[in-house]
Amino acid sequence: MTFSYTSKYDSSTMRGHDANERPWNLTNEVISNSQKGSSLLDIGCGTAFKLIPLATHFSEITGVDISEDMISSANNLINKSAVKNIKIIHADSNLLPFLDNSFDTVTCMLSRWDAKEIARVIKPNGNVIIEHIGCEDKLAFKTLFGKDENGWRGQFINYSPVEYIQSYYDLLNPLFESVKIKEGYWETYYTEKGILELLKFTPTIRNFNEVIDYNYFKMACDLFKSQENGIALTQNRILIHAKNLRIL
Ligand SMILES: C[S@@+](CC[C@H](N)C(=O)[O-])C[C@H]1O[C@@H](n2cnc3c(N)ncnc32)[C@H](O)[C@@H]1O
């Protein structure tokens, strides 16, 4: 079953607040790996709030998303800002509506992407930067929701970290000349309401149902509740950087 996001995803309650510094700053990663004045494609841009801080670095930014609801939120946010060089297009990451060799940098932040499509639309010498959920993200919490007929209900629990990282090297190495992947972990504090939103509006637990899963939910929240700061969960992301050294 494919999962559809709506702009409800973009709530500060659901994002929680970080207890310690993240292992990387994604805005800085994108800026330091791309030329000022070049072009950027962001796949699965959501509400585009991560693109606004990049607008002065790039000459033009194109965001694509499959969700009409996300696109309308993105356009609202862009219209409210002073930024003039971001355009948002409705598209599926599997079939990007762009000519070959169109963009200097391609990013994808926590969305779906197709490696062959990225390799097609990126210019020679272009940079790919992808932040993706790691397989150990909120692992201990997700494990408490058990298994269904398809295995663990928690997203990506079936992978070991080594297999997971290797699967991305295997996917990207044939298409790009230089692929580097780093892993990062940090703690985030959530409220019970924030966790509930996270489970309802993201694919974290397959077929999460607020009523049927209520007991698991309460047990999981109680187990990870810290004294003052709410529910503390370990986040895990991977950061992929690849360079397209293909000659035209
Ligand atoms: C978790 S949200 C991330 C949004 C944004 N990149 C961010 O980091 O805040 C995932 C986004 O990817 C979009 N998405 C999911 N599948 C997609 C696809 N096949 N093609 C384009 N966008 C997709 C969703 O609609 C959603 O906006």
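Read the numbers this way: they start at 1 and go in the same order the structure lists the ligands and their atoms.
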Per-ligand residue contacts, ligand 1, heavy-atom threshold under 4.0 Å: Tyr5, Tyr9, Arg15, Gly44, Cys45, Gly46, Phe49, Lys50, Asp65, Ile66, Ser67, Met70, Ala91, Asp92, Ser93, Met109, Leu110, Ser111, Arg112
Taken in chain and number order and not counting sequence neighbours, the residues that satisfy side chain to side chain contact (heavy atoms under 4.5 Å, CB included) with Ile31 are Thr27, Leu54, His57
Any luck finding a side-chain donor-acceptor pair between Trp186 and Thr188 under 3.5 Å? yes
Identify whether the distance between the nearest side-chain nitrogen and carboxylate oxygen of Lys218 and Asp222 falls below 4.0 Å. no
Is there a donor-acceptor contact under 3.5 Å linking the side chains of Glu136 and Tyr185? yes
Should Glu117 and Arg120 be marked as a salt bridge (charged side-chain N to carboxylate O under 4.0 Å, His left out) after you check the CA-CA gap, both sets of side-chain angles, and the distance that decides it? CA-CA 5 Å; Glu117 274 297 83; Arg120 183 182 69 74; 2.8 Å; yes
Is Tyr168 atom OH crowded by more than 12 heavy atoms from other residues, nucleotides or ligands, each under 6.0 Å away? yes
